[in-house]
Student: 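Just passing along the structure, written as structure tokens.
In what follows, chains carry the letters A, B, and so on, assigned in the order in which the sequence lines appear, proteins first and then strands, with residues in each chain numbered from 1. In this text the structure is predicted, and so the values were computed from the model without any measurement.
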Amino acid sequence: MRIVGIVSGLGRRVIAGVTRLGRAALFLGRLAPGLGIALMRFRLVIQQIYMTGVLTLVIVLVSGAFVGMILALQGYNTLVRYDAQSSLGLLVALSLTRELGPVLTALLFAGRAGSALTAEIGLMKATEQLDGMEMMAVDPLPRVVAPRFWAGWIAVPLLAMIFSAVGIIGAYIVAVGDLGLDGGVFWSQMQSGVSVRDDVLGGLIKSVVFGFVVSWIAVFEGYDAKPTSEGVSRATTRTVVSSSLAILGLDFIMTAFMLRGL
Amino acid sequence: MQGKGSEFAVGLFVVAGLLALAMLALKVGNIHVLSTGDTYSVTADFNDIGSLKPKAPVTVAGVRVGEVARITVNPTTYQAVVTLDIMKKYRFPRDSSASIETAGLLGEQYVSLSPGGSRHDLKNGGKIRITQSAIILEKIISQLLYSKAGHTSGHQ
Amino acid sequence: MEATKGSKPLVAVQGLTFFRDSRAIFQDLSLSVAQGSVTAIMGGSGTGKTTLLSLIGGRLAPAQGTVEVAGELVPTLSRKALFALRRRMGMLFQSSALLTDLDVFENVAFPIREHTRLPEPIIRNLVLMKLELVGLRGARTLYPAELSGGMARRVALARALALDPLMVMYDEPFTGLDPISMAVIVKLIRELNDALGMTSIVVTHDVAEACSIADYIYLLGDGRVIAEGTPADMRKTTAPEVRQFMAGLPDGPVAFHYPAPEYVSDLTVGATV
């Protein structure tokens with residue numbers, strides 16, 4: 001009997017998850033026409049890039065620098081055993097551009113800006129601001145949701161590039177200033193090993209996908225939230241959890257594709 | 001409504017992101033060799049390229065002058081045909097030679113050019129005739145062991 | 001339904017039936033709102049007064065029956081036509097529903113900016129005129145978080161008037177206000193209605209305020225109209241449901257006790273466990 005209970009509980013969860021995915025997809029379909037309309041009023045998008053992107057910039061700069069410095073220390077510790085410390089720059093650059101830049105930026109964005117987006121839209125719903133707009137004959141999807149979606153989608157790739165660049169600079173400072181590596185070797189090894197097409201562009205594609213997914217989840221959860229304070233707080237948590245899982249899952253899939261040269 | 005201040009901040013943000021991308025492409029990666037039009041290509045046939053890969057550097061006296069563009073197999077001779085993209089500003093005599101070398105003991109393989117003495121230069125689509133294949137460490141070691149074994153058995 | 005002030009009704013609801021989660025909120029409800037009148041829709045909490053406004057505004061669709069506003073059948077309208085109709089309706093939410101990231105001026109300017117391409121000086125004058133109507137021209141730079149409940153409601157009223165609507169729907173405009181703010185809102189609803197030649201629908205459960213400004217009152221209960229008439233008619237009526245509501249009696253046709261097992265037996269069962 002207990003097994004039946006566990007299996008049926010699992011089944012219910014799967015069905016609920018698939019239903020939720022369907023809701024999110026239908027929401028995206030309803031949002032699609034609004035995306036075009038929002039682009040024609042780009043000033044609204046710019047405002048939202050300011051709210052989300054620029055405010056996430058500080059945490060991205062600080063985290064990027066620290067991650068780069070940690071990579072340099074840890075990488076040096078391993079490479080020096082094989083007398084290959086000249087490849088430190090390459091190791092750091094590949095780790096950041098291919099993986100850590102896009103993934104960590106997306107995770108930070110989901111926690112800092114994605115949750116805020118959900119809470120903001122959820123609260124606008126809870127305080128009848130969205131209903132009020134509807135009654136003023138203003139469709140909230142293009143007016144409120146679409147600019148926020150665009151802003152997130154545009155901001156994440158930019159932030160990811162900044163994260164990687166700052167991380168490499170941080171690693172350079174540690175490698176040359178602290179570990180005594182030669183700066184020229186650091187850069188030249190990096191340049192000979194990092195491919196713009198496979199590594200830099202691959203990382204950029206990843207961050208574009210992450211930006212889309214995180215923004216989508218954030219605005220969906222906000223718009224779909226129960227219009228109560230409890231509903232909004234639950235939606236905020238769901239945004240962070242689902243975004244993080246989606247980022248890591250998609251990263252695995254995309255990495256597998258990219259390594260096989262597709 | 002936010003004023004002009006936020007728009008300026010967003011502008012700065014976008015510029016910073018694009019600068020970061022430019023840094024990743026130019027300083028971290030090697031897009032400057034890729035820029036087409038500034039290179040010409042020549043081919044060289046090798047009996048064995050070892051583990052040479054496209055995008056490996058092409059050097060002269062240790063200085064990078066180009067990169068490996070393509071590696072194919074000649075269907076009649078079964079030799080490896082390696083196409084090299086070399087920067088236009090570097091000209092090489094027609095009788096230059098190419099060899100595949102390894103950076104350090106276990107490092108990546110690259111193509112090293114040694115200039116010859118001819119008065120005519122290699123042109124786009126030209127061919128380097130004198131080549132030296134990759135030195136494959138495992139082969140040398142096994143040869144060494146084999147000859148050592150032959151010597152000892154011969155003496156006994 | 002006869003209207004109080006002649007002419008064709010602006011809002012006509014016929015045979016309206018509406019379900020929420022299989023629970024009937026309205027059953028065969030009919031009412032009409034005369035042009036130029038202030039009509040109060042009254043009823044206890046949970047009688048679907050707010051839902052009725054959503055149906056008139058086209059945010060919900062009825063299961064049966066018709067909702068007609070200014071000669072247009074609301075549930076059959078396309079989204080575009082519905083939005084065009086809504087530009088001629090103002091709605092005042094109980095929570096005011098002001099946009100929290102905009103100041104008072106921009107909140108009132110919001111519908112004008114969204115729906116017109118007027119030059120900035122004209123928008124400024126329009127907004128200041130609407131704010132002057134509700135007496136808050138001086139509060140234009142405040143943000144919604146800095147406003148008291150009564151002021152927020154007046155700003156929301158100015159915003160509802162921004163596009164010079166045919167009618168304004170008020171959802172519980174008197175709830176949660178101090179006596180002075182309440183008096184201000186009561187005065188504004190009546191005066192603006194007459195001065196701007198609008199029609200007003202006021203959903204409320206405040207008997208005294210409704211009687212003081214309404215031309216006509218509908219009393220809802222059990223998903224239908226249980227009484228209607230002018231304030232004077234309503235006060236005179238002898239029907240027990242109406243008497244209980246109008247006089248605010250704790251017990252009557254609407255029982256004080258929620259349905260429960262017999263009291264004494266309920267207690268003895270508890271004692272034996």
Student: Which of the residues C/M89, C/Q94, C/E114 is involved in the greatest number of heavy-atom pairs with chain A at under 4.5 angstrom?
Tutor: C/E114
Student: Does any heavy atom of chain A fall under 4.5 Å from the side chain of C/T100, the backbone, both, or neither of them?
Tutor: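 Both backbone and side chain.
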Student: What I'd like to find out is whether the side chain of A/M136 reaches to under 4.5 Å of the side chain of C/L163, using heavy atoms alone.
Tutor: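 Heavy-atom side-chain distance check fails, nothing below 4.5 Å.
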Student: Under 4.5 Å heavy-atom distance to chain A, tell me which part of C/L98 shows up: side chain, backbone, both or neither.
Tutor: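 C/L98 touches chain A through backbone heavy atoms alone.
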Student: For C/R59, look at atom CZ and say whether over 12 heavy atoms of other residues, nucleotides or ligands are found less than 6.0 Å away.
Tutor: yes
Student: Does C/R140 CZ have over 12 foreign heavy atoms under 6.0 Å away?
Tutor: yes
Student: Contact part of C/R87 toward chain A, heavy-atom cut-off under 4.5 Å: side chain, backbone, both or neither?
Tutor: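 Looking at C/R87, backbone and side chain both touch chain A.
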Student: Of all the heavy-atom pairs spanning C/F93 and A/G132, show the shortest one and how long it is.
Tutor: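 In this case the closest contact between C/F93 and A/G132 is CE1-CA, 3.3 Å.
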Student: Quick check on C/E72: does its CD atom have over 12 non-hydrogen neighbours (other residues, nucleotides or ligands) under 6.0 Å away?
Tutor: yes
Student: Roughly how far, to the nearest 0.5 Å, is CD of A/E134 from CG of C/L82?
Tutor: 8.5 Å
Student: How long is the span from the CZ atom in C/R79 to the CG atom in A/D139, to the nearest 0.5 Å?
Tutor: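 The distance works out to 4.5 Å.
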Student: If you draw a 6.0 Å radius around CD in C/E120, do more than 12 non-hydrogen atoms from other residues or ligands fall strictly inside?
Tutor: yes
Student: Could you tell me the separation between the CD atom of A/Q129 and the CG atom of C/N107, rounded to the nearest 0.5 Å?
Tutor: 8.0 Å
Student: Just wondering, do A/D131 and C/M91 contact through their side chains at under 4.5 Å, heavy atoms?
Tutor: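 The answer is no; the side chains never approach within 4.5 Å.
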Student: How long is the span from the OG atom in C/S54 to the CE atom in A/M135, to the nearest 0.5 Å?
Tutor: 7.5 Å
